[in-house]
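The block underneath contains the structure these notes are about, expressed in structure tokens.
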Number of protein chains: 2
Amino acid sequence: MPTHQEQEQPRRRQARGERRIAQLLEAAASVFASTGYASASTNAIAREAGVSPGTLYQFFPNKEAIAIELGQRLMADMRTAYGEALAPIDPATPLEQAVAAAVDRFIDFNCHNPVFFTLMHGPDVPGRMAEEHDALHNTLITRVEDLLSPLLPDRPAVAVTRIAHVCMALYMAGLELILASEGDDREAYVQELKDVLFRYLDPLVGDRLRDAQAASASTAPMTATTATPTTAG
Amino acid sequence: MPTHQEQEQPRRRQARGERRIAQLLEAAASVFASTGYASASTNAIAREAGVSPGTLYQFFPNKEAIAIELGQRLMADMRTAYGEALAPIDPATPLEQAVAAAVDRFIDFNCHNPVFFTLMHGPDVPGRMAEEHDALHNTLITRVEDLLSPLLPDRPAVAVTRIAHVCMALYMAGLELILASEGDDREAYVQELKDVLFRYLDPLVGDRLRDAQAASASTAPMTATTATPTTAG
DNA sequence: GACAAACACGAGTCGTCGCTCGCATTCTGA
DNA sequence: TCAGAATGCGAGCGACGACTCGTGTTTGTC
């Protein structure tokens with residue numbers, strides 16, 4: 001019974017195979033990041049990984065599967081490495097700090113994994129890839145909604161969703177500028193992005209947050225100290 | 001010798017040819033907008049225009065030339081139709097109104113010419129197309145700088161440039177959301193975009209603008225009344 | 001009407017790319 | 001040790017898309 005799993009992978013991978021898969025995904029990340037998904041050829045990925053095209057297809061049924069697997073691993077990486085950044089915001093944290101912390105973490109991740117942006121932003125995704133693309137996007141939107149809804153308790157759900165979409169779009173736009181620049185310029189754009197998001201959200205959150213802060217000072221605080229001051233590596 | 005012009009088009013177009021060109025560009029706009037530049041096939045463009053592939057190549061040397069010509073015509077259209085929106089802002093106009101007016105005009109143009117966004121935003125542009133792409137982008141960046149610099153007189157040029165880039169990026173991000181939605185949702189996103197830009201710029205412009213307004217009330221105003229109140233169709 | 005140039009056609013060429021196939025090599029388990 | 005599975009190779013297939021070419025039609029000019 002051990003090898004009978006529905007009707008998918010009856011393939012028992014060896015250690016070598018797992019290594020090859022990791023190698024191929026790394027190569028794919030490099031090629032996707034530099035040329036985009038559509039323009040990336042499977043032969044180029046195989047070449048980058050130092051294997052033959054046939055070997056690539058030993059591990060992935062088609063080009064889409066590579067991008068999908070890559071996207072899933074990236075999401076998993078992000079969850080394990082930055083899970084705490086996705087947790088609901090402690091109402092006691094000033095909005096400016098919360099935004100800055102979240103931006104720092106996500107920017108950090110995206111700078112270390114530039115493919116992620118390509119997979120999230122690439123409009124040139126055919127077939128089933130678009131579904132995965134949307135799945136990634138919707139997951140993040142939902143996360144942002146979860147972050148925002150405690151801060152916007154008196155807004156209808158559609159409004160919160162809209163605000164989340166705007167935040168995501170602003171973040172993506174800022175990220176594009178940031179990834180396209182280097183050094184001091186990059187840091188300056190990071191600061192601009194924080195400013196944009198804070199200034200956009202602050203009037204929406206309004207006195208609600210300040211009320212909560214005033215209240216939390218006199219009543220029992222929550223878990224508190226979730227946010228650390230800009231410890232981006 | 002009468003037809004010897006350098007070494008380019010020694011071709012004398014007939015009225016029919018001009019019509020075909022317009023027809024082909026319209027078809028190209030449609031196909032580019034719906035599938036993106038890279039995924040658009042010249043055969044599809046020819047089919048959309050109701051002509052044969054050979055006819056298409058009677059008027060355009062290659063696929064790039066179609067997109068380039070289209071981009072240039074769109075820029076020209078924008079200049080003639082919305083030139084006044086690109087003029088320097090009258091310092092007497094409140095920032096919120098100036099931003100709203102500019103956004104309305106550009107959104108209007110982009111909603112009527114969705115290809116423009118595709119050509120500006122498409123990352124899948126090979127070869128010489130990228131240059132034209134950048135040229136369009138830089139033209140707009142310069143325009144935004146010209147709009148902003150009177151409002152930010154005490155900032156270094158690099159800072160103004162950076163702010164212009166941020167504004168462009170924010171606009172593009174908002175535009176993407178707006179083009180992807182319809183009806184009330186679309187209008188709501190337009191308002192959000194205006195809010196984002198105004199809230200981002202207002203603290204930067206700061207008391208400078210308010211000073212200018214106070215001053216212009218007592219001293220001789222500039223050319224004045226350049227901006228009209230939200231007359232978007 | 002006659003001639004040339006512009007216009008129009010669409011089957012066909014040529015290159016690229018996703019993917020396959022037959023075969024060789026290495027690993028696993030008994 | 002050795003069968004069978006997993007891994008590896010790379011020439012090549014099939015499809016598709018940019019672009020061409022030979023040929024026929026329309027238009028402007030004398």
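Lettering of chains follows the sequences in order, A, B, ..., and the numbering in each one begins at 1. Being a predicted model, the structure only gives us computed values, none of them experimental.
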Report the distance from atom [atom1] of [X] to atom [atom2] of [N], rounded to the nearest whole Å.
X	N	atom1	atom2	value
A/Arg13	C/dC27	CZ	C1'	14 Å
A/Arg47	D/dA11	CZ	P	13 Å
A/Gln23	D/dT7	CD	P	13 Å
A/Asn62	D/dA15	CG	P	17 Å
A/Ile66	C/dC17	CD1	P	14 Å
B/Gln14	C/dA4	CD	C1'	11 Å
A/Leu56	D/dT7	CG	P	14 Å

Is a side-chain N or O of B/Tyr189 found less than 3.5 angstrom from the main chain of A/His165, in a donor-acceptor match?
->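 Between the backbone of A/His165 and the side chain of B/Tyr189 there is no qualifying donor-acceptor contact (under 3.5 Å).
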Whether B/Arg155 side chain and B/Val160 backbone form a donor-acceptor pair below 3.5 Å =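 Not a single qualifying donor-acceptor pair exists.
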More than 12 heavy atoms of other residues, nucleotides or ligands under 6.0 Å from CG of A/Asn138: is that the case?
->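 Yes.
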Is it the case that more than 12 heavy atoms not belonging to A/Glu145 sit under 6.0 Å from its CD atom?
->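 Counting neighbours around CD of A/Glu145, more than 12 heavy atoms of other residues, nucleotides or ligands fall under 6.0 Å, so yes.
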Check: D/dG10 base within 3.5 Å donor-acceptor of A/Ser52 side chain =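 Pair found.
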Candidate nucleotides [options], ranked by approach to the side chain of [X] - the nearest:
X	options	value
A/Pro53	C/dC7, D/dG10, C/dC9	D/dG10
A/Gln58	D/dC19, C/dA8, D/dG8	D/dG8
A/Thr42	D/dG8, D/dT7, C/dG18	C/dG18
B/Phe59	C/dC17, D/dC9, C/dC7	C/dC7
B/Lys63	D/dA18, C/dG10, D/dG8	D/dA18

Does a side-chain N or O from [X] land closer than 4.0 Å to OP1 or OP2 of [N], or not?
X	N	value
A/Arg20	D/dA6	no
A/Tyr57	C/dT20	no
B/Arg12	D/dT27	no

Do B/Ser52 and B/Thr55 meet the criterion of a side-chain donor-acceptor pair at a distance under 3.5 Å?
->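 Yes.
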Counting any heavy atom closer than 4.0 Å, what does B/Gly17 reach on the DNA or RNA strands: base, sugar-phosphate only, or nothing?
->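 Counting heavy atoms under 4.0 Å across all strands, the contact made by B/Gly17 is with sugar-phosphate only.
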Contact class for A/Ala40 vs. all strands (heavy atom < 4.0 Å): base, sugar-phosphate, or nothing?
->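 The residue A/Ala40 makes sugar-phosphate contact but no base contact.
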Starting from the 5' end of DNA chain D, give me the residue, B/Arg16 or B/Asn43, whose nearest nucleotide shows up first.
->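 Its nearest nucleotide lies further toward 5', so the answer is B/Asn43.
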